[in-house]
A.B. asks: 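The structure follows.
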Amino acid sequence: QVQLVESGGGLVQTGASLRLSCAASGRTFSSYAMGWFRQAPGKEREFVAAIAWTNDRTDYADSVKGRFTISRDNAKNTVYLQMNSLKPDDTAVYYCAAGLGLRIRVRSDEYDYWGQGTQVMVSS
């Protein structure tokens, strides 16, 4: 069992940066691939970024490539999402997810555990 708690969301202006954190419980955090998804009002939940159990494999949605960076610290059981050059279109609730296994994954149905979400709002 893995429990995930996101933090770091907030209200910022266009062009600002935020770093989201996702703290995971459980002793086998390094066995899980991790991902970030987001859901804007009235829209489907969409993939943002993912990282394999080692830091050298990542994947990003085209909409965030070059602006967002996902990373993890297995010693701290934490995954991060550094978000730079934020735009109003990035406004959403951001969710952290964990999927048992080594391979990176981009589909929400491939993840086993989800956090409660953290709100990010970007004003124009």
Side-chain angles (χ1 to χ4, degrees):
Q1 190 80 2
V2 175
Q3 292 184 328
L4 305 172
V5 179
E6 302 98 332
S7 62
L11 172 62
V12 296
Q13 293 185 330
T14 297
S17 297
L18 280 175
R19 188 175 81 155
L20 305 183
S21 298
C22 174
S25 65
R27 300 188 301 174
T28 58
F29 177 70
S30 61
S31 300
Y32 287 81
M34 302 296 295
W36 286 96
F37 289 75
R38 66 187 182 187
Q39 188 166 17
K43 294 187 177 181
E44 298 284 325
R45 187 172 298 188
E46 64 174 3
F47 168 74
V48 175
I51 188 166
W53 77 288
T54 56
N55 273 335
D56 57 356
R57 296 180 61 196
T58 58
D59 198 3
Y60 297 91
D62 288 342
S63 59
V64 307
K65 279 182 182 175
R67 300 188 299 122
F68 291 11
T69 302
I70 188 172
S71 62
R72 66 189 295 165
D73 185 336
N74 287 341
K76 295 182 178 180
N77 281 9
T78 301
V79 63
Y80 305 97
L81 184 68
Q82 177 67 43
M83 306 186 296
N84 299 329
S85 302
L86 283 162
K87 307 173 182 180
D89 284 349
D90 296 317
T91 295
V93 177
Y94 283 71
Y95 297 91
C96 173
L100 182 61
L102 303 181
R103 65 178 181 85
I104 203 166
R105 58 206 67 192
V106 300
R107 285 169 31 197
S108 60
D109 62 359
E110 295 179 298
Y111 286 87
D112 304 299
Y113 302 100
W114 293 83
Q116 83 290 348
T118 185
Q119 176 73 55
V120 171
M121 296 184 66
V122 184
S123 64
S124 58

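Heads up: numbering here begins at 1 and tracks the sequence. Just so you know, these numbers use all the heavy atoms, side chains as well, and skip hydrogens, waters and symmetry mates. Every value quoted in this text rests on a predicted model; they were computed, and no experiment measured them.
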A.B. asks: Please lay out, stage by stage, how W114 and R45 fare under the test side chain to side chain contact (heavy atoms under 4.5 Å, CB included).
C.D. replies: CA-CA 12 Å; W114 293 83; R45 187 172 298 188; 3.2 Å; yes
A.B. asks: A49 and L81: which non-hydrogen atoms are nearest, and at how many Å?
C.D. replies: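 So the two residues come closest at CB-CD1, 4.1 Å.
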A.B. asks: Who pairs with K43 by side chain to side chain donor-acceptor pair (under 3.5 Å), at least two apart in sequence or on another chain?
C.D. replies: none
A.B. asks: Apart from M121 itself, what residues make up its hydrophobic cluster when side-chain heavy atoms of I, L, V, M, F, W and Y under 4.5 Å apart count as a link, directly or indirectly?
C.D. replies: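 M121 shares its hydrophobic cluster with L11.
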A.B. asks: How close do L4 and A98 get, counting heavy atoms only, and between which atoms?
C.D. replies: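 Heavy atoms of L4 and A98 come nearest at CD1-N, 3.7 Å.
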A.B. asks: Among pairs that include at least one residue of residues 90-124, which meet disulfide (SG to SG under 2.5 Å), considering only residues two or more places apart or in two chains?
C.D. replies: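 Counting only pairs at least two positions apart or across chains, the disulfide (SG to SG under 2.5 Å) contacts touching residues 90-124 are C22-C96.
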A.B. asks: Does anything in residues 56-99 form a ring-ring contact (aromatic ring centres under 6.0 Å, His included)? List the pairs, not counting sequence neighbours.
C.D. replies: none
A.B. asks: Determine whether I70 and V93 fall in the same hydrophobic cluster, where Ile, Leu, Val, Met, Phe, Trp and Tyr are linked whenever their side-chain heavy atoms lie under 4.5 Å apart.
C.D. replies: no
A.B. asks: With sequence neighbours left out, what residues match D89 under side chain to side chain contact (heavy atoms under 4.5 Å, CB included)?
C.D. replies: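 Not a single residue meets the side chain to side chain contact (heavy atoms under 4.5 Å, CB included) criterion with D89.
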A.B. asks: Judged by atom type as modelled, is there a donor-acceptor pair below 3.5 Å linking the side chain of T78 to the main-chain atoms of A23?
C.D. replies: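 Not a single qualifying donor-acceptor pair exists.
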A.B. asks: Provide the full list of salt bridge (charged side-chain N to carboxylate O under 4.0 Å, His left out) pairs with a residue in residues 90-104, sequence neighbours left out, each pair given once.
C.D. replies: R38-D90, R67-D90, R103-E110
A.B. asks: Could you state whether V64 and V12 fall into the same hydrophobic cluster, counting links through intermediate Ile, Leu, Val, Met, Phe, Trp or Tyr residues with side-chain heavy atoms under 4.5 angstrom apart?
C.D. replies: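 Yes, it is one cluster - the side chains of V64 and V12 are joined through contacts under 4.5 Å.
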A.B. asks: For residues 5-23, which residue pairs pass the side-chain hydrogen bond (donor to acceptor under 3.5 Å, both in side chains) check, not counting sequence neighbours?
C.D. replies: E6-Q116, S17-N84
A.B. asks: Measuring from Q3:CD to N77:CG, what's the distance to the nearest 0.5 Å?
C.D. replies: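 Output value for this atom pair is 12.5 Å.
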A.B. asks: Is a side-chain donor or acceptor of T118 paired with a backbone partner of G9 at a separation under 3.5 angstrom?
C.D. replies: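 Yes; at least one donor-acceptor contact below 3.5 Å.
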A.B. asks: Applying side chain to side chain donor-acceptor pair (under 3.5 Å), can you list everything that pairs with Q119, at least two apart in sequence or on another chain?
C.D. replies: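 Applying side chain to side chain donor-acceptor pair (under 3.5 Å) to Q119 gives none.
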A.B. asks: Give the minimum heavy-atom separation between T91 and V122, together with the two atoms involved.
C.D. replies: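 Shortest heavy-atom separation between T91 and V122 comes out as OG1-N, 2.9 Å.
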A.B. asks: ring-ring contact (aromatic ring centres under 6.0 Å, His included) with Y111: which residues, sequence neighbours excluded?
C.D. replies: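 For Y111 the ring-ring contact (aromatic ring centres under 6.0 Å, His included) partners, ignoring immediate neighbours, are F37.
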A.B. asks: Hey, could you give me the CD/CG distance between Q1 and D112, rounded to the nearest 0.5 Å?
C.D. replies: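 That separation rounds to 10.0 Å.
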A.B. asks: So, taking the atom named CD in Q82 and the one named CG in L20, what distance separates them when rounded to the nearest 0.5 Å?
C.D. replies: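 If I round to the nearest 0.5 Å, the distance is 9.0 Å.
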A.B. asks: Listed by chain and number, what are the side chain to side chain contact (heavy atoms under 4.5 Å, CB included) partners of D59, not counting sequence neighbours?
C.D. replies: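 Residues passing side chain to side chain contact (heavy atoms under 4.5 Å, CB included) with D59: F47, I104, V106.
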A.B. asks: Kindly write out the residues that satisfy side chain to side chain contact (heavy atoms under 4.5 Å, CB included) with A33, not counting sequence neighbours, or none if the list is empty.
C.D. replies: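 A33 satisfies side chain to side chain contact (heavy atoms under 4.5 Å, CB included) with R105 only.
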A.B. asks: Mind checking whether L100 and V79 sit in one hydrophobic cluster, side chains of I, L, V, M, F, W, Y counted as touching below 4.5 Å?
C.D. replies: yes
A.B. asks: Strictly by disulfide (SG to SG under 2.5 Å), give each pair with a member in residues 58-93 just once, sequence neighbours left out.
C.D. replies: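 Of all non-adjacent pairs touching residues 58-93, none passes disulfide (SG to SG under 2.5 Å).
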